Amino acid sequence: MLNNVQIAQIFLNIADLLEIKGENKFKFLSYRRAGEVLADLPRDLQAYANDNTLEDISGVGKAIAEKIRELLATGKLGFYERLIEEVPETLVDIMRVNGVGAKKAKLFWEQLKISTLVGLEESAKAGKLRHLEGMGEKSEQKILDGIASLKRQTGRMPLGKAKPIAEAVLNRLLALPQAEEGALAGSIRRGKTTIGDVDILIASDHPIPVMQAFVETVGVARILGHGESKSSVEMQNGLQIDVRVVPKSRWGTALQYFTGSKDHNVKLRALALEKGYSLNEFAFSPVDANGNILEDAPKVTFDSEEGVYAFLGLPHIAPELREDSGEIESALKNTLPVLITQSDIHADLHMHTTWSDGTLSVKEMALQALQRRHEWIVITDHSRSLGVANGLSIERLREQAHEVRQANEELAGKIRVLHGTEMDIKADGTLDYPDDVLAELDFVIASLHVSLSQPRAQITERLINAIRNPHVDMIGHPSARYIPDRDPVDADWDAVFAEAQKNGVALEINSNPRRLDLDAPFARRAVALGIPLAINTDAHSPAMMDDLPYGILTARRGWVEAKHVLNTWSWDAFSAWLTARK
DNA sequence: GCCGTTTTCGGCCCGACTGTTTTCAGTCG
């Protein structure tokens, strides 16, 4: 059976092929939008189909819902098969080359019978492209550069890797005397799990020297564009960075605009039009009844984002929510969530020590946690079957209890240290410690680490079996994905969530930027179902304790409030929750 | 093809940069 991502990809391909065909713009845009939405759903499309709620998905109407049903039922789509007989499917690869869009793809295909990336590269090398209308030597070279770049690319970069690079570039630009203000915008500011390219915004009345400094930044491999107020570069590690410079007086509209997402902005502009204004990155411009800008009328500008939203009659919408997934409707009704912030967290329920594969002792971890103002932590080393991580035998687990007790005595009044485990859910579905051992612990995490490619039924059964054990308090990194190398496990998440809801078992949002698991759409679903969450670092070293901001970003993207998260609660509330579970 | 607190029909965002042009189309975000 096709999964959501595969079905989404088919719609994205349809969009590209329809665009090449010259089909109505809004038609192919609808397919593209559907593709983008489907890739990010928190449930299987089959589940929506079963509930008859496919058309409740934003961007999915009657026609696309019908196509999804056909794909689910047969694994094929007649419409798509007929389309790729007309337009070669491989043209979508050509459109991935920087500088090649639908029109160029069509041109190469019709004039030179080029339908593959290899064919495009050969023709460009042979100097055949330059003679086509609208093409020249420079465009031909640009295409060759684009193909080379595509070959280097390893896909989107994890947030945790891209963000520090982006911040370093931003700080260099902010050090320039001409730069008045600067910020990361785009998907990094929204906290997306993976980053396609980096957007940086600088406020300055002297953009040219800022642009010059940017394209000369250390680590730049290639300059993709270099204008007065906008430039793009490709870094040596393949990351693309775009910088825009705007005057300080327009900072608010510009930061809003360049933070996106595209769909969020489209909705905001529609809202602006209802109020008689056209909104762009510079200002609100009054329009006439036909939507034409009144050139003589004064434009409205804002130096803060709050001003932009207020002008539209909205409270400020946090960047993490700006995905057009209901945030504007919610803002209009004044029912936006009060999103969790890092300062709400005062505990960490998942951390490792030298007892298994961590780098510090129990007390040393506790001292590190204390430095980060935590009130309590849970030591959760690996369990016995995870040999590669030096998992604890029952005997060693009991010895560790003594060390935890000792740390508590030494740190009394400063921080509480709880004794827990990150216990493996074994391949056969059984748990790694017997119930009587689990009963001795303060907090029990159950996690998947092995046999992650099992079929759906088996993975689901393992998770559900763990949730049903009365001693299990939380499922750690539930999908076990590892970005970008390992996909999430294939499970019936509807069933898993239902079981967690029934048993009051918490689900983790793991802050490790390679995990970020639960992902935001799943976190949002957990909130809707009233399943408690915990945002933990899974720290194996003190440095990893500082990954917490990534977990917070993910939670905020999932509309999570502090009250939904166990480690924001007071000690009394948390211990009462634990006691009630025992 | 989708969508609706004006609408079930008639809208659907818009500017910078590039390379090719002699005034603009294509691409991108």
Side-chain angles (χ1 to χ4, degrees), chain A residues 11 14-15 18-20 23-35 37 54-68 79 94-107 129-143 145-146 185-187 196-201 207 211 223-232 240-246 250 253-254 256-285 287 289-293 313 324 328-329 332-333:
Chain A
F11 286 113
I14 290 174
L18 290 178
E19 187 178 2
I20 291 170
E23 183 57 87
N24 176 289
K25 175 173 157 188
F26 300 107
K27 192 169 179 176
F28 69 72
L29 283 177
S30 294
Y31 281 103
R32 192 162 296 152
R33 160 119 175 101
V37 170
L54 281 173
E55 287 179 46
D56 293 347
I57 301 168
S58 152
V60 176
K62 208 173 160 198
I64 289 179
E66 190 48 51
K67 291 183 173 71
I68 293 172
F79 174 80
I94 292 179
M95 281 180 68
R96 287 172 53 223
V97 177
N98 195 300
V100 180
K103 296 282 166 63
K104 290 270 166 67
K106 183 177 186 175
L107 180 75
L129 303 183
R130 63 182 68 175
H131 305 301
L132 297 172
E133 194 183 341
M135 292 287 298
E137 272 185 57
K138 275 193 174 175
S139 319
E140 193 174 72
Q141 186 55 46
K142 194 177 167 188
I143 284 173
D145 292 343
S187 53
D197 52 39
V198 172
D199 295 292
I200 296 177
L201 189 65
M211 292 286 83
I223 299 171
L224 304 170
H226 181 186
E228 271 184 35
S229 66
K230 174 184 174 180
S231 297
S232 299
Q240 185 181 324
I241 303 184
D242 301 340
V243 174
R244 296 286 293 241
V245 182
V246 297
R250 312 258 163 139
T253 36
Q256 194 293 312
Y257 181 92
F258 290 112
T259 297
S261 67
K262 193 180 61 183
D263 292 327
H264 175 87
N265 286 356
V266 166
K267 273 228 171 117
L268 277 198
R269 290 200 197 91
L271 215 55
L273 280 174
E274 281 178 27
K275 295 185 183 295
Y277 292 88
S278 165
L279 171 63
N280 66 15
E281 60 263 56
F282 302 116
F284 288 93
S285 309
V287 293
N290 297 321
N292 298 315
I293 291 176
D324 185 25
I328 292 174
E329 293 77 0
L332 282 168
K333 288 185 280 185

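These figures come from a predicted structure and were not determined experimentally. Throughout, protein chains are lettered first and strands after them, A, B, ... in sequence-line order, and every chain is numbered starting at 1.
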Can you check the distance between B:dC14 and B:dC9, where both ends of the measurement are the P atom (answer in whole Å)?
26 Å

note: A:H226, atom NE2; B:dG19, atom P; distance rounded to Å ~ 13 Å

Nearest listed nucleotide, side chain of A:D199, among B:dA16, B:dC2, B:dG29:
B:dG29

How long is the line joining CD1 of A:I64 and C1' of B:dG1, in whole Å?
6 Å

Nearest-Å distance, CD1 (A:I223) to C1' (B:dG19)?
17 Å

At 4.0 Å (heavy atoms only), tell me whether A:F282 reaches a base, stays on the sugar-phosphate, or touches nothing.
sugar-phosphate

If you find the nucleotide of DNA chain B closest to A:E55 and the one closest to A:R244, which residue's nucleotide is nearer the 5' end?
A:E55

Which residues satisfy the salt bridge (Lys or Arg N to Asp or Glu O under 4.0 Å) test with A:E55, sequence neighbours excluded?
none

Rounded to whole angstrom units, what separation is found between the CG atom of A:L273 and the P atom of B:dT5?
16 Å

Spacing of the P atoms in B:dA16 and B:dT22 (rounded, Å)
23 Å

Between B:dC17, B:dG1, B:dG29, which nucleotide has the shortest distance from any of its atoms to the side chain of A:D242?
B:dG29

Euclidean distance, atom CD of residue A:E137 to atom P of B:dG19 [Å, nearest integer]
12 Å

Mind checking what makes side-chain contact (heavy atoms from CB on, under 4.5 Å) contact with A:L107, not counting sequence neighbours?
A:Q111, A:L132, A:M135

Under 3.5 Å, sequence neighbours excluded: what are the donor-acceptor pairs made by side chains of residues 26-35 of chain A?
unit_1	atom_1	unit_2	atom_2	d
A:S30	OG	A:F26	O	2.8
A:Y31	OH	A:K67	NZ	3.3
A:R32	NH2	A:D16	OD1	2.9
A:R32	NH2	A:E19	OE1	2.8
A:R33	NH1	A:D263	OD2	3.0
A:R33	NH2	A:S58	OG	2.5
A:R33	NH2	A:D324	OD2	3.2

Within this structure, what is the NE2-CD1 distance for the pair A:H264 and A:I328, rounded to the nearest 0.5 Å?
4.5 Å

Nearest-Å distance for atom pair CZ/P, residues A:F258 and B:dG29
12 Å

Sugar-phosphate, base or nothing in reach of A:E281, heavy atoms under 4.0 Å
sugar-phosphate

Taking the side chain of A:N280 as its heavy atoms from C-beta onward, which of B:dG15, B:dT20, B:dC2 lies nearest to it?
B:dG15

Taking atom P in both B:dT5 and B:dG1, compute the distance separating them and give it to the nearest angstrom.
23 Å

Base, sugar-phosphate, or nothing: which does A:S231 touch, judged by heavy atoms less than 4.0 Å apart?
nothing

Given that A:M135 and A:K262 both sit by DNA chain B, which one's nearest nucleotide is further toward the 5' end?
A:K262

OP1 or OP2 of B:dC14 sitting under 4.0 Å from any side-chain N/O of A:S278?
yes

Paired to B:dT8 by Watson-Crick or G-U wobble criteria (both distances under 3.5 Å) is none

Reported CG-to-NZ distance for the pair A:D145 and A:K138, which is rounded to 0.5 angstrom:
12.0 Å

Of all the choices, B:dC13, B:dT18, B:dT6, which nucleotide is nearest to the side chain of A:V266 once you look at every atom?
B:dC13

Which distance, rounded to the nearest 0.5 Å, do you find between the CG of A:L224 and the CG of A:D242?
8.0 Å

Tell me every residue that passes side-chain contact (heavy atoms from CB on, under 4.5 Å) with A:Y257, counting only those two or more places apart in sequence or in another chain.
A:N265, A:R269, A:E281

From the set B:dT6, B:dG1, B:dG19, return the single nucleotide nearest to any side-chain atom of A:S139.
B:dG19

Integer angstrom distance from the C1' of B:dT27 to that of B:dT21:
16 Å

Across the strands shown, which category fits A:S58 at heavy-atom distances under 4.0 angstrom: base, sugar-phosphate, nothing?
sugar-phosphate

Mind calculating the distance between CG (A:N24) and C1' (B:dC2) to the nearest angstrom?
11 Å

C1' spacing across the pair B:dG11 / B:dT7, given as an integer number of angstrom
9 Å

Any idea which of B:dC13, B:dT20, B:dC2 is nearest the A:K138 side chain?
B:dT20

Using the P atom in both, what is the distance from B:dC2 to B:dT6, to the nearest Å?
23 Å

Base, sugar-phosphate, or nothing: which does A:K25 touch, judged by heavy atoms less than 4.0 Å apart?
nothing

Please report the distance separating the C1' of B:dC13 from the corresponding atom of B:dC28, rounded so that it comes out in whole Å.
14 Å

Tell me, for nucleotides 23-28 of chain B in 5' to 3' order, what letter each nucleotide earns: B for a base near a protein heavy atom under 4.0 Å, S for only sugar-phosphate near one, - for neither?
---SSS

Test side-chain contact (heavy atoms from CB on, under 4.5 Å) applied to A:E329 - qualifying residues, sequence neighbours left out:
A:K267

On a heavy-atom basis, which atom in A:G134 and which in A:K104 lie closest, and how many Å separate them?
O-CE, 4.5 Å

Just how far, in rounded Å, is P of B:dG15 from CZ of A:R269?
9 Å

Any N or O donor-acceptor pair under 3.5 Å from the base of B:dG15 to the side chain of A:Y257?
no

Distance check, rounded to the nearest 0.5 Å: A:I57 atom CD1 versus A:I64 atom CD1?
10.5 Å

Mind checking the C1' distance from B:dT18 to B:dT23? Whole angstroms is fine.
15 Å

Give one of base, sugar-phosphate or nothing for A:R33, where a contact means two heavy atoms less than 4.0 Å apart.
nothing

